[in-house]
Number of protein chains: 2
Amino acid sequence: MGMKKKPATIKEIARRLKISPSTVSRALNDHPSIGLVTTMRVKKMAEELNYEPNQTAIFFKQRRTFTIGVILPSLSEPFFSSAISEIEKVASEHDYTVLMGQSHDDAERELKILQTFKKHRVDGILISLGKNTEDLGFVEMLNDAEIPIVFFDCVPRIDDVNKVYSDLSTGMREAIQSFASIGHKNIALINGPENLLASQERAAAYRKALNSENLEYNERYEVHTDLTEQGNIEAIDKLLALSERPSAIVSFNDFVTLDVIKYVRQKGLVQKKDVFFISYANYPLWKYMENPPMGSIEQYPDQQARKAAEILFKHIGADDDEQQPETVVFESKLVLK
Amino acid sequence: MGMKKKPATIKEIARRLKISPSTVSRALNDHPSIGLVTTMRVKKMAEELNYEPNQTAIFFKQRRTFTIGVILPSLSEPFFSSAISEIEKVASEHDYTVLMGQSHDDAERELKILQTFKKHRVDGILISLGKNTEDLGFVEMLNDAEIPIVFFDCVPRIDDVNKVYSDLSTGMREAIQSFASIGHKNIALINGPENLLASQERAAAYRKALNSENLEYNERYEVHTDLTEQGNIEAIDKLLALSERPSAIVSFNDFVTLDVIKYVRQKGLVQKKDVFFISYANYPLWKYMENPPMGSIEQYPDQQARKAAEILFKHIGADDDEQQPETVVFESKLVLK
DNA sequence: TTGTACGCGTTATCAC
DNA sequence: GTGATAACGCGTACAA
């Protein structure tokens with residue numbers, strides 16, 4: 001207790017065995033040129049002294065840390081927590097460790113974490129951008145430092161980077177088709193904040209899907225929420241107030257739908273009768289609900305995350321950095337409940 | 001593009017300025033003995049060359065990595081994801097970075113991660129043990145390496161370690177009281193696997209609480225589930241089959257309750273009339289449910305995690321390791337819905 | 001005020 | 001087969 005056992009070093013082993021440190025190093029690494037007896041002696045002594053290589057020294061010398069950095073807006077959201085879980089799995093399969101940070105959608109914080117990671121000399125970075133990130137200057141910074149980076153989920157619009165994300169339009173298309181096929185004509189969208197890329201994509205997908213079904217786009221059917229409970233309720237209220245009330249609603253995500261469902265229930269409307277819901281999925285537990293919405297559009301965060309991590313490791317492995325940037329798009333899919 | 005800008009070093013700056021590296025080092029660290037002009041010149045050059053200290057070298061030299069390691073059974077479970085989220089916050093407040101690993105309740109994997117963290121020379125470790133961890137030999141290993149460790153949530157029974165966990169009995173007591181106060185006499189417990197410490201604690205708390213309320217303990221009211229959906233249903237089925245069916249049930253956790261509620265609903269039983277539920281909380285969304293259970297016993301993972309992290313940093317900060325091990329117990333609390 | 005010299009632990013290179 | 005040496009980048013006693 002309290003006794004300070006200084007960790008044994010190669011030098012110490014060498015000293016005790018009266019041989020040179022380099023021999024010890026080679027013996028420990030099973031270098032072929034070292035005699036069997038010496039190798040054994042060294043290993044035995046290493047064992048005795050409880051020798052453990054000092055990784056920080058090795059990192060320093062080898063210029064590799066066997067560490068990747070992962071930046072996500074949040075770790076407590078189900079979408080990201082399953083992503084990080086999968087990323088950690090892939091990393092551990094590659095004998096890598098994960099350094100992680102949360103941006104909390106704050107661009108400044110995001111940048112700070114990136115710099116920290118760079119200082120820590122991570123071998124690669126995975127990032128899902130925060131909602132407000134505008135300045136992508138760090139990409140060049142990391143390029144210069146030769147740290148490969150893969151964007152995932154919330155990716156930048158620029159081209160020459162690795163990115164993995166899901167195409168929101170396929171799921172939207174299925175949702176609208178699904179609604180149309182059971183006779184809905186008045187299909188609304190409760191979208192998120194207008195400045196969000198995620199919202200813009202949903203809006204575009206919505207209009208396109210309506211068009212494909214030969215349904216008319218009605219701008220009053222497209223409302224926005226700031227994603228607070230209050231905002232969600234205001235949004236649905238706008239729709240309910242319309243003279244020709246929509247009978248089917250796609251919403252920004254499952255959390256919005258949860259609030260909305262609760263609210264319309266209070267208003268006496270019956271789900272899947274008076275009004276039908278589909279939303280982008282970020283929450284997995286509909287199966288327990290007495291009266292779940294019609295469906296959710298899945299984005300498979302774990303698959304996305306795995307793919308992103310695999311791409312990253314492909315780039316980390318390659319000595320040459322002249323690889324083409326890679327873009328992988330997953331289709332979002334409607335899953336009926 | 002593709003141009004390999006080697007990161008500038010102190011030496012490089014020194015060479016260009018025709019001064020010695022040590023002067024540069026001191027100037028960059030605002031050492032008082034360096035002249036203002038020199039300092040300025042150095043900083044300017046550093047700026048120009050885009051100098052960035054090589055942290056791996058500094059880690060190596062200073063024997064500190066400004067990194068803590070966090071090991072959790074899983075990152076995708078809500079309980080742990082809010083914990084890790086909070087830990088990351090605390091770490092970043094201390095300008096620390098978080099290295100993380102998932103044990104997936106596999107003791108071998110857990111140990112491997114611990115060793116990796118040790119190799120990485122993390123400055124401290126936070127861990128919530130996996131369900132099957134028996135061998136605590138690593139505690140001594142980390143003590144020898146002088147790496148402070150704080151256990152959290154799932155903690156070992158040994159004494160001389162730092163630990164933060166919640167006392168399951170307080171919430172159980174409130175739950176049973178709550179049930180008793182509205183007239184329930186037949187209160188059952190759907191517990192988890194018997195070998196789990198978490199189950200044993202619930203069982204003990206359950207019996208003690210019954211006793212406090214002068215209710216008789218009936219062993220047939222204590223059933224077990226392996227926490228699969230199938231197991232959960234079998235457990236409730238056993239209770240429903242009893243001649244004197246329990247009217248109130250405490251269950252291992254919210255997920256069990258979700259399955260059970262769904263099942264009894266199918267059986268035609270009405271919640272909060274035919275049968276009442278309370279469970280240990282690991283899931284936050286009851287508020288959206290049409291017909292939620294009576295309540296949940298909260299364990300506040302974020303508060304626990306924060307406290308654990310703070311204790312860790314207290315120990316990291318202290319040069320001396322002769323600090324007393326600290327134990328903090330949070331009360332679990334019944335929250336009625 | 002600045003420079004010299006050394007050490008942190010490891011490994012690659014060259015020499016014997 | 002093994003040893004000496006240098007080098008990775010930085011910080012810091014000690015000397016000047």
Side-chain angles (χ1 to χ4, degrees), chain A residues 4-43 45-46 49-67 118-123 145-147 319, chain B residues 4-43 45-46 49-67 118-123 145-146:
Chain A
K4 185 164 185 170
K5 280 194 210 170
K6 267 197 199 134
T9 70
I10 283 191
K11 280 185 187 168
E12 174 68 9
I13 297 176
R15 200 180 57 74
R16 300 217 186 190
L17 258 35
K18 299 193 197 306
I19 56 181
S20 92
S22 39
T23 305
V24 175
S25 170
R26 283 181 283 227
L28 290 172
N29 292 316
D30 288 311
H31 196 285
S33 76
I34 299 297
L36 191 57
V37 270
T38 315
T39 304
M40 296 301 276
R41 287 200 332 136
V42 167
K43 289 203 171 176
M45 181 59 79
L49 297 184
N50 227 310
Y51 169 77
E52 194 160 3
N54 182 337
Q55 281 296 129
T56 62
I58 296 176
F59 294 160
F60 171 43
K61 191 158 192 13
Q62 318 229 305
R63 293 126 170 291
R64 279 186 88 177
T65 56
F66 300 96
T67 301
K118 187 184 164 203
K119 282 203 287 192
H120 276 250
R121 295 288 201 266
V122 296
D123 294 340
E146 296 191 319
I147 300 175
D319 283 343
Chain B
K4 185 166 183 166
K5 278 193 208 166
K6 268 199 198 128
T9 70
I10 283 191
K11 278 185 191 166
E12 175 67 9
I13 297 176
R15 202 180 55 73
R16 300 218 186 189
L17 257 36
K18 298 193 199 306
I19 57 180
S20 93
S22 48
T23 305
V24 175
S25 169
R26 285 181 281 230
L28 289 172
N29 293 317
D30 288 312
H31 195 286
S33 75
I34 300 296
L36 191 58
V37 269
T38 315
T39 303
M40 296 301 277
R41 288 204 327 140
V42 167
K43 290 204 171 177
M45 180 60 77
L49 296 185
N50 227 308
Y51 168 77
E52 193 160 2
N54 182 338
Q55 280 296 128
T56 63
I58 296 175
F59 293 160
F60 171 44
K61 190 162 203 344
Q62 317 230 305
R63 293 130 169 287
R64 278 187 86 177
T65 55
F66 299 96
T67 301
K118 187 183 165 203
K119 282 203 286 194
H120 276 252
R121 295 288 201 266
V122 296
D123 295 340
E146 297 191 319

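When reading the values below, keep in mind they use all heavy atoms of this one structure, side chains included, and skip hydrogens, waters and symmetry mates. Letters A, B, ... are given to chains in the order of the sequence lines, protein chains preceding strands, and every chain is numbered from 1.
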Residue closer to the 5' end of DNA chain C, B/Val37 versus B/Ala57 (nearest nucleotide):
B/Val37

Please list, by residue number, the residues of residues 19-31 of chain B whose heavy atoms come closer than 4.0 Å to an atom of DNA chain C; answer none if no residue qualifies.
B/Ile19, B/Ser20, B/Ser22, B/Thr23, B/Arg26

Short side-chain N/O contact from A/Lys61 to OP1 or OP2 of C/dC8, under 4.0 Å:
no

Can you tell me the distance, in whole Å, between the CG atom of B/Leu17 and the P atom of C/dG3?
10 Å

Touch check for B/Thr56, heavy atoms < 4.0 angstrom, all strands: base, sugar-phosphate only, or nothing?
nothing

Output the rounded distance in Å from CD1 (A/Ile10) to C1' (D/dA4).
15 Å

Is the phosphate of D/dC8 approached by B/Lys11 (side-chain N or O, under 4.0 Å from OP1 or OP2)?
yes

Value in whole Å for how far the C1' atom of D/dC8 lies from CD of B/Gln62:
16 Å

Counting the atoms with a prime plus P, OP1 and OP2 as sugar-phosphate, which does A/Phe59 contact under 4.0 Å by heavy atoms, base, sugar-phosphate, or nothing?
nothing

Can you list the residues that meet the side chain to side chain donor-acceptor pair (under 3.5 Å) rule with A/Arg16, with sequence neighbours excluded?
A/Glu12

Which of B/Lys119, B/Lys118, B/Arg121 passes salt bridge (Lys or Arg N to Asp or Glu O under 4.0 Å) with A/Glu52? It is B/Lys118

Rounded distance in Å - CD1 (B/Ile58) to P (C/dC8)
18 Å

Compare every heavy atom of B/Thr56 with every heavy atom of A/Phe60, then report the nearest pair and how far apart it is.
CA-OG1, 3.7 Å

In whole angstrom, what separates B/Phe60's CZ from C/dT11's P?
11 Å

Indicate the atoms forming the closest heavy-atom contact of B/Ala14 with B/Pro21, along with that distance.
CB-N, 3.6 Å

Here the distance between atom P of D/dG1 and atom CE of A/Met40, to the nearest Å, is 17 Å

Shortest non-hydrogen contact from A/His120 to B/Phe66?
CE1-O, 4.2 Å

Expressed in angstrom and rounded to an integer, what is the separation of B/Asn54 atom CG from D/dA7 atom P?
18 Å

When all nucleic acid strands are considered with a 4.0 Å heavy-atom cut-off, which category describes A/Ser33: base, sugar-phosphate, or nothing?
base

Give the rounded distance in Å between these two atoms: CD1 of B/Ile34 and P of D/dT12.
13 Å

With sequence neighbours excluded, residues passing salt bridge (charged side-chain N to carboxylate O under 4.0 Å, His left out) with A/Lys43
A/Asp30

Stepwise, does the side-chain contact (heavy atoms from CB on, under 4.5 Å) test hold for A/Ile19 with A/Arg41?
CA-CA 11 Å; A/Ile19 56 181; A/Arg41 287 200 332 136; 4.2 Å; yes

